[in-house]
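Notes to accompany the following structure.
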Amino acid sequence: MNKYFSKLILLSLFLSGSILFLTNCSNQQGADAFEAASKKVKDKKFAEAAQDFEKIVKNDPKSEYAAKSMLELAALYSSHSINNFQRDEDYKKAFDYYTKVYNEFNDSPEGGKACFEIGKYYQSMLEPNLTKEQSMRKAIANYEIVINKYSSIHEAEPALFMIGFIHGNELNQPDSAKIYYQKFVDKYPGSNLAKSARMELQTLGQKPEDILNQKQQKVN
């Protein structure tokens, strides 16, 4: 091997090591900045925390901590923790952040969490230009994505329950609700929501007053 190729190999190894070193440094800086901003949330310094999260997104928009920061920003807006905004503007701002995370970090757990929150947004009928049924259908569509594409994240469990709930309580489709509640009980038998799913299975299609009468009879 001549000296020229030897120098190329050494240069390549040096550059690889430098890039790895810089990446690790950047990740650590992002982790430290995110932790500091999260502490401010715990201390209820919401406006300061929001500024710090925005800084993380601006400085390294493609990083894991940018995705996490946008989720935190969305949560702050949806809980109306940041001053000087109206409720509708808060929800819209939160929705925009969730959408951005889902679009830009689609293959990450953060993308799945954002998709779940988008489903909650539609289920809560916060989009003014949609009918109730349109909102519920969009909520179901997002929850379906969560349970099919992001089955390993925590949100997959409530997403499956909510599909059954929407069919049974919002769209008056007990047969569809039964399918999803049964799936839930089979997949998450020890879940805190399993008891609710079993109860829903027992009362599907019944009128509220009939359910109350049955409960009263059991008490007596």
Side-chain angles (χ1 to χ4, degrees), residues 38 41-42 64 67-68 70-81 91 94-95 97-99 101-102 105-127 130-220:
S38 299
V41 173
K42 291 179 182 178
E64 169 192 356
K68 291 179 182 292
M70 284 190 281
L71 288 177
E72 291 293 332
L73 283 164
L76 287 172
Y77 281 110
S78 63
S79 62
H80 315 296
S81 298
Y91 287 131
F95 179 79
Y97 273 121
Y98 286 132
T99 302
V101 174
Y102 177 66
F105 299 89
N106 192 266
D107 293 326
S108 71
E110 287 73 30
K113 292 175 183 178
C115 187
F116 177 75
E117 294 296 335
I118 293 170
K120 284 171 61 178
Y121 176 88
Y122 285 120
Q123 186 178 355
S124 300
M125 293 189 292
L126 294 172
E127 180 54 58
L130 298 176
T131 65
K132 178 182 177 179
E133 181 167 354
Q134 288 172 331
S135 287
M136 295 305 145
R137 294 293 178 191
K138 280 185 172 290
I140 288 172
N142 279 277
Y143 291 147
E144 289 275 13
I145 292 171
V146 174
I147 64 176
N148 291 323
K149 183 173 180 177
Y150 305 99
S151 58
S152 62
I153 67 174
H154 168 74
E155 288 76 7
E157 182 181 319
L160 181 55
F161 180 88
M162 284 303 176
I163 295 174
F165 182 87
I166 291 172
H167 279 298
N169 294 278
E170 304 293 353
L171 297 178
N172 193 26
Q173 296 176 329
D175 291 341
S176 296
K178 183 178 180 179
I179 291 170
Y180 283 98
Y181 280 137
Q182 192 59 56
K183 280 183 181 179
F184 185 90
V185 170
D186 292 343
K187 189 168 185 177
Y188 304 106
S191 164
N192 291 332
L193 288 170
K195 183 178 179 180
S196 296
R198 293 187 184 97
M199 190 178 298
E200 291 284 345
L201 282 168
Q202 292 172 2
T203 58
L204 279 171
Q206 296 183 31
K207 295 178 180 179
E209 54 269 27
D210 293 336
I211 297 171
L212 286 173
N213 288 334
Q214 288 176 15
K215 287 183 178 180
Q216 190 62 41
Q217 288 172 6
K218 286 181 181 179
V219 171
N220 296 333

How long is the gap from [atom1] on [X] to [atom2] on [Y], to the nearest 0.5 Å?
X: Glu110; Y: Lys68; atom1: CD; atom2: NZ; answer: 4.5 Å
X: Ile147; Y: Lys187; atom1: CD1; atom2: NZ; answer: 7.0 Å
X: Ile118; Y: Thr99; atom1: CD1; atom2: OG1; answer: 4.0 Å
X: Leu204; Y: Asn172; atom1: CG; atom2: CG; answer: 10.5 Å
X: Glu64; Y: Phe105; atom1: CD; atom2: CZ; answer: 9.5 Å
X: Ile140; Y: Gln123; atom1: CD1; atom2: CD; answer: 8.5 Å

Worksheet item: Would Phe116 and Ile153 satisfy side chain to side chain contact (heavy atoms under 4.5 Å, CB included), going step by step from the backbone distance to the final call?
Response: CA-CA 10 Å; Phe116 177 75; Ile153 67 174; 5.7 Å; no

Of all the heavy-atom pairs spanning [X] and [Y], show the shortest one and how long it is.
X: Ala94; Y: Ala74; value: CB-O, 3.3 Å
X: Val185; Y: Ala194; value: CG2-O, 4.3 Å
X: Gly164; Y: Ala177; value: O-CB, 3.4 Å
X: Ala67; Y: Val101; value: O-CG2, 3.9 Å
X: Val146; Y: Gly112; value: CG2-O, 3.8 Å
X: Phe184; Y: Ala197; value: CD2-CB, 3.9 Å

Practice prompt. Report yes if the distance between the aromatic ring centroids of Tyr77 and Tyr91 is under 6.0 Å, otherwise no.
Written response: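 Aromatic pair excluded; centres sit 6.0 Å or further apart.
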
Discussion item. Quick check on the 6.0 Å ring-centre criterion: do Tyr181 and Phe161 meet it?
Written reply: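 Here the rings of Phe161 and Tyr181 have centres that are less than 6.0 Å from each other.
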
Just to verify, what does [X] make a ring-ring contact (aromatic ring centres under 6.0 Å, His included) with, not counting sequence neighbours?
X: Tyr121; result: Phe95
X: Tyr97; result: none
X: Phe165; result: none
X: Tyr102; result: none

Worksheet entry | From CA spacing to verdict: side chain to side chain contact (heavy atoms under 4.5 Å, CB included), Leu201, Gln182 | CA-CA 8 Å; Leu201 282 168; Gln182 192 59 56; 3.6 Å; yes

Just wondering, do [Y] and [X] contact through their side chains at under 4.5 Å, heavy atoms?
X: Lys113; Y: Tyr98; result: no
X: Asn169; Y: Glu200; result: yes
X: Tyr150; Y: Asn106; result: yes
X: Leu160; Y: Pro158; result: no
X: Asp107; Y: Lys149; result: yes

Discussion item. Can you tell whether the side chains of Glu133 and Arg137 come within less than 4.0 Å, N to carboxylate O?
Written reply: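 Here Glu133 pairs with Arg137 in a salt bridge, since their nearest N and O are under 4.0 Å apart.
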
Discussion item. Holding to salt bridge (charged side-chain N to carboxylate O under 4.0 Å, His left out), I want the full list of residues that pass it with Asp186, two or more places apart in sequence or in another chain.
Written reply: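 Scan of Asp186 (salt bridge (charged side-chain N to carboxylate O under 4.0 Å, His left out), adjacent residues dropped) gives none.
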
Worksheet item: Which residue pairs satisfy the side-chain hydrogen bond (donor to acceptor under 3.5 Å, both in side chains) criterion with at least one member in residues 151-165, sequence neighbours excluded?
Response: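 Matches after skipping sequence neighbours: Glu157-Ser191.
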
Fill in: Tyr143 (side chain) donor-acceptor with Lys120 (main chain) under 3.5 angstrom
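Checking the backbone N and O of Lys120 against the side chain of Tyr143, a donor-acceptor pair under 3.5 Å is found.
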
Worksheet item: Yes or no on side chain to side chain contact (heavy atoms under 4.5 Å, CB included) for Met136 and His167, after CA distance, side-chain angles and deciding distance?
Response: CA-CA 9 Å; Met136 295 305 145; His167 279 298; over 6 Å; no

Discussion item. I'd like to know whether CG of Asn148 has more than 12 heavy-atom contacts from other residues, nucleotides or ligands below 6.0 angstrom.
Written reply: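 Count over threshold, so yes.
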
